[in-house]
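Chain identifiers are assigned alphabetically (A, B, ...) following the order of the sequence lines, protein sequences preceding nucleic acid strands; residue numbering begins at 1 within each chain.
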Protein chains: 2
Amino acid sequence: MTAGLQPDMFDPACPTTVMPFQIGDKWTAMVLLCLEGGPRRFTELRVPLRRVTPKVLAETLRSMERDGLITRSAYDENPPRVEYSLTPLGHSLLKLLDAARSWCTEHMGDLVAARAAFTARPAATGS
Amino acid sequence: MTAGLQPDMFDPACPTTVMPFQIGDKWTAMVLLCLEGGPRRFTELRVPLRRVTPKVLAETLRSMERDGLITRSAYDENPPRVEYSLTPLGHSLLKLLDAARSWCTEHMGDLVAARAAFTARPAATGS
DNA sequence: CTGCATCCGAATGGATACTG
DNA sequence: CAGTATCCATTCGGATGCAG
């Protein structure tokens with residue numbers, strides 16, 4: 001496979017962005033997801049992650065590599081090519097991420113309802 | 001139960017602090033854990049969380065309440081008393097947290113090893 | 001006791017521009 | 001293409017002090 005990544009893979013409008021769960025840095029989980037389908041190149045990752053600047057993406061990738069979540073393979077060609085891929089450890093994290101996503105799917109309604117209820121509450125005892 | 005919380009429940013030296021997960025804000029997960037055994041009072045939470053200032057704890061609690069993770073019960077007594085307890089939603093999150101902790105337990109070795117390997121690496125191609 | 005207000009410092013995340 | 005370097009804005013966590 002390794003079909004191109006969908007540019008709208010992480011729609012900013014997606015309500016899951018307000019989920020109370022985070023893996024690593026802000027973009028770590030998304031990178032994990034992007035890498036799920038096979039190795040990806042730096043620029044390739046920037047497509048669905050178009051909100052991230054190269055600097056931040058590089059930092060994220062670097063820390064993920066440091067933690068053994070991904071592998072960086074640089075090919076000394078011209079033009080240069082670098083590929084990032086998931087390690088077994090990264091894959092195992094993916095499972096956890098999946099659990100988190102399940103939770104989100106399952107309880108998003110409650111969450112939204114809770115927020116709505118909370119917002120509509122201030123008219124209580126006091127003012 | 002509701003026995004007193006252990007002051008060293010979250011030892012700063014605990015290596016799990018470097019884990020790549022986070023639920024909500026920095027302290028959310030710990031509050032969740034503290035509330036696992038039953039309702040707790042504000043000051044009571046400050047014992048194991050002695051590193052957190054009242055302001056931040058209040059903020060954390062507030063946002064957790066907003067998300068329907070906990071319930072805040074204020075008793076208009078003298079002296080004032082306020083108790084926080086987990087909602088079903090909070091409990092369900094606890095399960096997820098548990099999954100995360102399992103992952104940590106299981107893969108912490110890999111993580112530490114990866115970091116060590118990464119640190120010891122810079123002597124590669126170049127200087 | 002509870003927890004809000006103000007001010008502050010550190011850390012993140014990011015924009016822009018430049019290099020191998 | 002794949003980053004790095006510099007600078008900047010915002011946010012976050014926190015210290016201190018005050019109020020109900």
Side-chain angles (χ1 to χ4, degrees), chain A residues 4-5 10 12 17-18 20-31 34-35 39-66 70-85 118 121-122 124-127, chain B residues 4-5 10 12 17-18 20-31 34-35 39-66 70-85 122 124-127:
Chain A
L5 294 172
F10 302 113
T17 46
V18 290
F21 201 83
Q22 201 183 325
I23 294 190
D25 288 325
K26 188 174 180 179
W27 305 95
T28 305
M30 301 189 205
V31 171
C34 287
L35 258 31
R40 298 287 177 185
R41 304 180 55 174
F42 191 86
T43 310
E44 211 173 350
L45 290 173
R46 298 199 60 193
V47 177
L49 269 31
R50 74 206 111 120
R51 296 287 174 201
V52 71
T53 59
K55 176 207 162 192
V56 174
L57 180 56
E59 282 173 357
T60 302
L61 256 14
R62 205 166 241 263
S63 88
M64 290 177 74
E65 187 193 0
R66 189 189 57 135
I70 61 175
T71 307
R72 194 188 107 113
S73 313
Y75 302 93
D76 204 13
E77 307 169 349
N78 191 352
R81 188 162 58 92
V82 178
E83 281 189 344
Y84 296 91
S85 52
F118 189 82
R121 161 159 334 187
T125 34
S127 65
Chain B
L5 293 171
F10 302 115
T17 47
V18 290
F21 306 116
Q22 203 181 320
I23 294 192
D25 287 326
K26 189 174 182 181
W27 305 94
T28 304
M30 300 190 207
V31 171
C34 287
L35 258 31
R40 298 287 177 186
R41 305 182 53 179
F42 190 87
T43 312
E44 212 174 348
L45 289 172
R46 298 200 58 195
V47 177
L49 269 30
R50 73 204 111 115
R51 294 290 174 199
V52 71
T53 60
K55 175 204 161 192
V56 175
L57 180 55
E59 282 174 359
T60 303
L61 257 13
R62 202 166 244 266
S63 87
M64 291 177 73
E65 188 194 358
R66 188 189 57 134
I70 60 175
T71 306
R72 192 188 108 114
S73 314
Y75 302 92
D76 202 15
E77 307 170 350
N78 191 353
R81 188 162 58 92
V82 177
E83 281 190 346
Y84 297 91
S85 53
T125 33
S127 64

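As a whole-Å value, the separation of A:R46 CZ from D:dC1 P is 10 Å. Across the protein-nucleic acid pair, A:M64 atom CE and D:dG3 atom P stand 14 Å apart, rounded to whole Å. Nucleotide D:dC1 holds its P atom 16 Å from the CZ atom of A:R72, rounded to whole Å. Between the C1' atom of D:dG20 and the CZ atom of B:R81 lies a distance of 18 Å, rounded to the nearest Å. Distance CD (A:E83) to C1' (D:dA2): 13 Å, rounded to an integer number of Å. Distance CD (A:E77) to C1' (C:dG20): 16 Å, rounded to an integer number of Å. Atom-to-atom, CG of B:L61 to C1' of D:dG13 comes out at 16 Å; the value is rounded to the nearest Å. The CG-P distance, from B:L57 to D:dA15, rounds to 13 Å in whole Å.
Of the two residues near DNA chain C, B:P80 and A:P80, the one whose nearest nucleotide lies more 5' is B:P80.
Nearest to the side-chain atoms of A:R62 among the listed nucleotides D:dT4, C:dC4, D:dC1 stands D:dT4. Side-chain atoms of A:V82 lie closest to D:dA2 of the nucleotides D:dT4, D:dC1, D:dA2.
Under the side chain to side chain contact (heavy atoms under 4.5 Å, CB included) criterion, A:S85 pairs with A:P39, A:T71, not counting sequence neighbours. A:V52 pairs by the side chain to side chain contact (heavy atoms under 4.5 Å, CB included) definition with A:W27, A:L49, A:V56, A:L57, not counting sequence neighbours. Evaluation of the side chain to side chain contact (heavy atoms under 4.5 Å, CB included) rule for A:P54 yields A:F42, A:R46 as partners, not counting sequence neighbours. The side chain to side chain contact (heavy atoms under 4.5 Å, CB included) test applied to A:R72 returns A:E65, A:A74, A:V82, A:Y84, not counting sequence neighbours. B:F21 is linked by a ring pair (Phe, Tyr, Trp, His ring centres under 6.0 Å) to B:W103, counting only residues two or more places apart in sequence or in another chain.
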Nucleotides 10-17 of chain C: which of its N/O atoms have a protein N/O under 3.5 Å away?
from   : atom 1 : to    : atom 2 : distance (Å)
C:dG14 : OP1    : A:K26 : NZ     : 3.2
C:dG14 : OP2    : A:W27 : NE1    : 2.7
C:dG14 : N7     : A:K55 : NZ     : 3.0
C:dG14 : O6     : A:K55 : NZ     : 2.1

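Nucleic acid contact class of B:Y84 (heavy atoms, under 4.0 Å, all strands): sugar-phosphate only.
A 4.5 Å side-chain heavy-atom check between A:K55 and A:E59 finds at least one atom pair inside the cut-off.
Heavy-atom contacts from other residues, nucleotides or ligands closer than 6.0 Å to CZ of B:R50 number more than 12.
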